[in-house]
> 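Input: one structure, supplied below.
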There are 2 protein chains.
Amino acid sequence: MIIIAERINGMFTNVKEAIAEKNKQVIQELAKKQTEAGATYLDVNVGTAAADQEAAMQWLVETIQETCSTPLCLDSQKPGVIAAGLKVVNADNGVILNSTPLNKKNDEEILDKHIEMAEQAGPKASIIALTMDKNGVPQDIDTRVAIAAEIVSKTMEKGFDSRRLFIDTILLPVKVPNAQVQSGNILTAMDQIKYLADPAPHMTVGLSNLSQGATERSLINRVFLAMAISRGLDSAIADVLDQDLMNVLATAEMLMNKQIYSDSFLKVYSSANKA
Amino acid sequence: MIIIAERINGMFTNVKEAIAEKNKQVIQELAKKQTEAGATYLDVNVGTAAADQEAAMQWLVETIQETCSTPLCLDSQKPGVIAAGLKVVNADNGVILNSTPLNKKNDEEILDKHIEMAEQAGPKASIIALTMDKNGVPQDIDTRVAIAAEIVSKTMEKGFDSRRLFIDTILLPVKVPNAQVQSGNILTAMDQIKYLADPAPHMTVGLSNLSQGATERSLINRVFLAMAISRGLDSAIADVLDQDLMNVLATAEMLMNKQIYSDSFLKVYSSANKA
């Protein structure tokens with residue numbers, strides 16, 4: 001499982017303050033803690049508060065790289081901010097451009113741009129593409145799957161390896177009821193998306209979105225993660241510091257036969273991920 | 001979700017002793033505790049130690065019925081023991097005959113016998129049929145699904161309502177590795193079995209079997225339960241006294257849109273089940 005650790009994000013007060021005050025220690029501790037907890041990538045999101053988002057992204061990337069070599073996931077809705085991060089990132093171990101819709105309101109071919117940026121960043125650069133287009137987030141599952149198919153088809157046209165593509169089916173909060181796109185339907189979309197290419201594209205979700213504003217956040221995240229892993233979810237942007245969540249992840253992978261059972265399977269998983 | 005509470009089983013030392021000593025209190029407390037915890041049915045299994053299993057089954061049924069009216073699930077591999085239970089059970093609220101394979105080594109049509117017994121027991125009597133036949137438990141998923149199809153076809157021939165049929169896909173312990181029938185494959189079988197009849201037969205599993213002899217028993221049970229509910233599992237023989245398990249159950253049903261989210265969704269689920 002490819003775990004993209006979510007915590008270095010300007011939406012969190014301590015990160016927002018650290019960016020404003022150029023306090024490296026807060027960022028570097030989060031980078032180290034999340035790496036030790038099993039992060040495959042560290043998400044890097046400057047949030048919306050930073051005055052100069054491009055400069056803030058570069059400062060975050062450089063600050064993290066001073067202390068650890070965990071690959072980064074450059075997270076912004078603005079291609080310019082991702083591009084700024086790419087200028088300073090070490091892409092040798094991999095980097096993810098997070099994220100792009102299929103296209104934008106003004107018909108700008110934003111997915112193409114992300115593919116190009118990833119190609120320029122090197123052979124280990126991947127992209128996260130959201131199952132949304134110029135009309136926004138589709139209110140039904142069929143349209144999401146259709147957009148996923150268009151994304152896969154575009155990446156194929158460009159000769160971009162499907163293994164470098166992460167498709168995000170977009171989890172909405174359970175607290176915002178939506179008759180069309182419940183979490184159960186997202187699982188149905190996953191069932192279809194995994195067959196769109198061979199090798200299959202990665203599938204990812206912003207797991208914590210699901211429980212935004214809800215009670216029992218960790219429980220809700222854990223239960224959905226177990227369900228989604230059984231459908232082939234092989235990546236998540238998640239709270240890697242939630243040990244209960246990580247234990248569910250290890251158990252789900254074991255039950256799906258991706259790890260053999262042993263009495264110490266939780267420890268085995270955790271050490272394998274740290275290695 | 002139809003929860004069949006597993007604890008009144010002669011495999012547990014305190015139940016075995018209670019049966020031997022005719023100690024009603026132990027049994028009645030278990031019946032009440034499990035009912036309060038949300039049991040839809042109480043499983044009743046005399047175990048293998050009782051000298052006269054038929055008499056022991058009748059004593060258990062009568063003892064439980066003295067203290068609560070939760071419907072019972074008469075659990076034995078011997079039709080005679082189930083038949084003995086049926087003589088004294090109050091089937092007005094429902095009763096489950098647990099369980100029968102498709103047929104037996106000697107070609108005895110044991111499923112037919114269970115259907116007949118259920119018909120005689122009244123309109124609310126159901127049966128649990130295991131996806132195994134005279135050759136034992138199939139080592140591959142396709143055969144299990146084929147047996148499930150035969151079970152459904154037999155019940156249809158007999159005019160037995162598919163809503164009175166529970167199909168048990170047979171969970172084996174993760175600690176006993178079996179390349180063919182991993183828990184992940186069982187989920188694939190569930191995907192197919194739910195389409196065998198309309199209305200669909202119920203699907204059930206002996207959840208605790210999965211973690212038999214394993215470490216992290218509750219965690220393993222919880223993760224598989226979440227996965228299986230997302231595939232349409234609507235019943236389980238489980239440890240209803242495991243509050244963490246019951247919370248996962250409530251969360252899984254909420255995520256699958258069977259209960260609306262509210263900040264108190266765990267309490268809402270729990271009170272609905274007790275009512």
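Note that the structure is a prediction, hence the values are computed from the model and not measured. Just so we're on the same page: letters track the sequence lines, and every chain starts at 1.
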> If contact means a heavy atom pair closer than 4.5 Å, which residues of residues 221-229 of chain A contact chain B?
Val223(A), Phe224(A), Ala226(A), Met227(A)
> For the pair Phe166(A) and His202(A), name the ring-plane relationship: parallel under 30°, tilted 30 to 60°, perpendicular over 60°.
parallel
> What I want to check is whether the side chains of Glu6(B) and Ser208(B) have a donor and an acceptor closer together than 3.5 Å.
yes
> Looking only at side chains, do Asp242(B) and Ser218(B) share a donor and an acceptor under 3.5 Å apart?
yes
> Can you tell me which of Gly213(A), Ser230(A), Gly184(A), Ser183(A) forms the most heavy-atom pairs within a distance under 4.5 Å of chain B?
Ser230(A)
> Looking at every heavy atom in both Asn257(B) and Gln182(A), which two are closest together, and how far apart are they?
ND2-CG, 3.4 Å
> Do other residues, nucleotides or ligands put more than 12 heavy atoms under 6.0 Å from Lys134(B) NZ?
no
> Among Leu187(A), Ile186(A), Ile220(A), who wins on heavy-atom pairs under 4.5 Å with chain B?
Ile220(A)
> Between the side chains of Arg144(B) and Thr131(B), is a donor N or O closer than 3.5 angstrom to an acceptor N or O?
no
> Can you say whether Ile260(B) sits under 4.5 Å from chain A via the side chain, the backbone, both, or neither, judging by heavy atoms?
neither
> What are the two closest heavy atoms between Leu111(A) and Ile151(A), and how far apart are they?
CD2-CA, 4.0 Å
